[in-house]
Amino acid sequence: MPPKRNATEDLSDLRQRSRFDYLAKREALKLAELQKDVEEDERERERFGDQLSKRELKEMDQRKETLRLTLERNQIDDTNSGFFMLDSTLTDKSELLNKRNKKENYKSEVQLWEEEQTSKAKAAQGQRAVRETEDDYDFVFDEQTAINFVSDGNILDPEKQRLQQHLDEAEKRAKDISDVRQSLPIHAYKKEILEAVDQFQTLVLTAETGSGKSSQIPQYMLEYFRQRGEHEKVVLCTQPRRVAAISLATRVAEEHGTRLGNEVGYTIRFEDKTTEKTRIKYLTDGTLLRMFLTQPDLPDVGCVILDEAHERTLATDILMGLLLDIVKFRTDLKIIVSSATLDAQGFSKYWNDCPVLFVPGRTYPVTTYFASQPEANYLSAAITTTWQVHIGAQDSKGDILVFLTGQDEIETAQQSIEETKIKLGNRAKELICLPLYSALPPDEQQKIFVPAAPGVRKVILATNIAETSLTIDGVAHVIDTGYSKENLYSEATGLDSLVVNPVSRASANQRAGRAGRTGPGSCYRLYTQHAFMNDMPATSLPEITRVNLCSTILLLKSIGVNDLLNFPFMTPPAPEAIASSLETLYCLGALDSKGAVTKVGRSLSELPIEPKMAKALLVAEKFGSLSHVLTIISMIGESGALFFAPKDKKLHVDAAKRRFYIKGLGDYGSYLSIYNQWKETEYDGMWAKENFLQAKTLNRVRNVREQLEKLCERIGLTPEDEGEPDHVAIKKAFTSGYFANAARMSRDGQSYRTVKSGNQTVWIHPSSWIHEPTERPKWLLYSELASLPEFMRSVLPIEPEYLTELAPFYFKDSDIEKLGTNKKMGKGPGKVGVDK
DNA sequence: GAGCACTGC
């Protein structure tokens, strides 16, 4: 027996091993996974035997047979070489070698990759292993497996043990489910809730976190309908986020003892796990909104639960307005609005003073501390507090979660903490500092879930992603700076700006609550109690007041809501915002002069993208460039997270970016070239990594593109055979959608002036491919304008004639001429006119 | 020549 070593040693050892070991290990893990699958198959067969289809049974048998053969072959290999290695491993190995030998910095890349696998290994512990099929080199194993492997090279036995343990846990869980369900705080209120539901059509339910409302209420409602003999009624439960819909559906299906997709299912953008048998359906709010296009009266639906309504997402707000109308004639339809306590009265008032039910939650107490005086610099205050908590609470366990506003701040804070750590040396206990924001690649994000070694404390520096989207267990201390970045859209200028703003009291409480998930905790607020009560709003502005409403208005009009001014918005958007959206839709040809939806508008509303993008697609087909424009549009949407650029890799990233430059189409051309090259490598994750592109983003682009292509076909657009992109056709297609986003170079050759939109001075964003002075075109279109300063992102050079040709409602020849000749550049800020 | 929080169809 080799001497027992600790995890850190083993992992560093692991890092240094050759890739051959990894390949062997990967084989072993494939095998282990197969074994696990087969065991799961068997359990599934036992539990759901009668519900399984023939195809599923056949697949299960196939897996079982593959496992048997593999085990047999392993035995032979094992006796010959003392090490199991399959034929496929050898092929993989030579492939990998060929691939790697082409690369210059061959060694460092392998190391990089190995390090990443190690971190993944750590991350996979306690998490269900997810496997990316696109990435051939991607595999997941847990720390336990890794350690055992390094210690004695024997993977099968510990793996078997782990499987057995897994199995035992599952069995125990099944036994516990009914106990757990009954121990949830909400169970005590079941009778009251059902009585209220019976008596009233709508109900506001305020339940604190940990009460079990999202998983239990739909089940109670199903029981309610069953007792009344209404077996066909469906219960819908909306969620603002996809992950929530998936995990809730999975859990409830398990509680219910059915397979996911049978009685309990979920629907999200790219996935529909429901059948005609489904009675409890979790879906994202946006999905339900889109459903109104095809079935506006919600047939078969017995109850709609609007979960997390206090978040006031755009989709939930619109849904409330639509449902408020439906309940008038569908008197059998029950509505349950679930919200945080703070907003309950507002919701009740909106729903005609309906009753409010309160259910307490089950979280641990969190002690909150306020700053005694205002902090001038919240960033340095956050760092100081982190150290105070770490050193002051030496003996107490629990990680620290710090809320900051953005990537930049997080990187600065991380650097400072690392430096102080070195200075302090042994005088403080060990601390690991982990960043967390959404642009961080997924495997980096996973690191935050790895429990720290005994005696080591984790400090997680996070944006507000940790407020609702990601839950980290083991956090006992929250440090709240009281700020976050918010997107503000101004109708007047058409500018989006991302500004640092104080968070609302509701968010602050949500942040504090993150300290009390696994035990009592504390929250250190870096602002005074006075500021909390007086300077911070109770809740943040609902999304509907902050965004461009074009697609929402087109959707409403397509559903048949014509009178927008009398639509029962819980918070009405500014009339100017509605007016300017109507104007844009009219210019796009989506609405006629009476404000009715045109044939074009109907097509545009079918596509889940901004109307101006959809218009570009429509026109692109006429010019025979649909498939290229499809690619570009899918890329624009995700362009923000294409490259992953940590500060120290900046030069490499820039070099990689330059390789994708195509003359003539600006950034759009590079998007095409990136996507097409990735496609040529058969969507290879390794290729993406070599070019500093994020595989996650590219996969999303591919998903979006595929969905859009299908929808295009549904509305009668056929993509052409892909050939070389026709530059003129592409430019014209985009001009007909993005005409309002045109800009012309100023005399200085540096800045630009927007043609309409208030005629402001704008610049090409430095991250653009045509930012270099020599590459700058005279005229261009931008797809996004950010302030301050006003940078145009994603730009496309065009010819000025296209504007008058393709948007005659919007531009007169004189507009263009004026800009071309007059030094003073038009009329200055003013009304964006529509020519009559 | 500078930097983007977070969702969703």
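Here is how names work: the chains are called A, B, and so on, in the same order as the sequence lines, proteins then strands, and each is numbered from 1. Note: hydrogens, waters and symmetry copies are ignored here, and every other heavy atom, side chains too, is used. Keep in mind the model is a prediction, meaning the values are calculated, not measured.
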| said: Can you tell me which nucleotide in dA5(B), dC9(B), dT7(B) comes closest to the side chain of R241(A)? | reply: dT7(B)
| request: Starting at atom CD of E772(A), determine the distance to atom C1' of dG1(B), rounded to an integer number of angstrom. | output: 8 Å
| query | Do we see a donor-acceptor contact under 3.5 Å between the side chains of S634(A) and T631(A)? | reply | no
| So which heavy atom on F532(A) is nearest to which on R505(A), and how close? | O-CD, 3.3 Å
Got a list of side-chain donor-acceptor pairs under 3.5 Å for residues 607-614 of chain A, not counting sequence neighbours?
none

| task | Among dT7(B), dC9(B), dG1(B), find the nucleotide with the atom closest to the side chain of H771(A). | result | dG1(B)
| said: Side chain of I465(A) only, heavy atoms from C-beta on: which candidate in dA2(B), dC9(B), dT7(B) is closest? | reply: dT7(B)
| message | Here's a test for you: under side-chain contact (heavy atoms from CB on, under 4.5 Å), which of K696(A), Q694(A), K689(A) qualifies with P441(A)? | response | Q694(A)
| note | Taken to the nearest whole Å, CD/E271(A) to P/dC9(B) is 11 Å
| message | Please classify the nucleic acid contact of I268(A) as base, sugar-phosphate, or nothing, using heavy-atom distances under 4.0 Å. | response | sugar-phosphate
| How many Å lie between CD on E409(A) and P on dA5(B), as a whole number? | 9 Å
| message | Side-chain N or O of T468(A) versus OP1/OP2 of dT7(B): is the shortest distance under 4.0 Å? | response | no
| query | Counting any heavy atom closer than 4.0 Å, what does T313(A) reach on the DNA or RNA strands: base, sugar-phosphate only, or nothing? | reply | nothing
| task | Please check the phosphate of dC6(B) (OP1 and OP2 only) for any side-chain N or O of T463(A) closer than 4.0 Å. | result | yes
| task | Return the nearest nucleotide to the side chain of R793(A); candidates are dA2(B), dC6(B), dC4(B). | result | dC4(B)
| said: Whole angstroms only, please: what is the CE-P distance between M291(A) and dG8(B)? | reply: 18 Å
| field | Contacts of type salt bridge (charged side-chain N to carboxylate O under 4.0 Å, His left out), residue R514(A), not counting sequence neighbours | value | none
| side-chain contact (heavy atoms from CB on, under 4.5 Å) partner of P240(A), the single match among D285(A), T468(A), D307(A) | D285(A)
| task | Can you figure out which of dC4(B), dC9(B), dA2(B) approaches the side chain of P766(A) most closely? | result | dA2(B)
| task | Find the distance I410(A):CD1 to dC4(B):P and express it as a whole number of Å. | result | 13 Å
| Touch check for T287(A), heavy atoms < 4.0 angstrom, all strands: base, sugar-phosphate only, or nothing? | sugar-phosphate
| Proximal nucleotide (of dG1(B), dT7(B), dC9(B)) relative to the S438(A) side chain | dT7(B)
| Please give, in whole Å, the distance from dC6(B) C1' to R242(A) CZ? | 13 Å
| P608(A) side chain: which of dG1(B), dC9(B), dC4(B) is closest? | dC9(B)
| field | Listed nucleotide nearest any side-chain atom of Q750(A), set dT7(B), dC9(B), dG1(B) | value | dG1(B)
| Rounded distance (Å) that lies between atom C1' of dA5(B) and atom CZ of R546(A) | 10 Å
| query | Rounded to the Å, how far apart are W769(A) CH2 and dA2(B) C1'? | reply | 15 Å
| said: Need to verify one output field. Residue with the more 5' nearest nucleotide on DNA chain B, D654(A) or N464(A)? | reply: D654(A)
| message | Considering every strand and a 4.0 Å limit on heavy-atom distances, what is the contact class for Q407(A): base, sugar-phosphate, or nothing? | response | sugar-phosphate
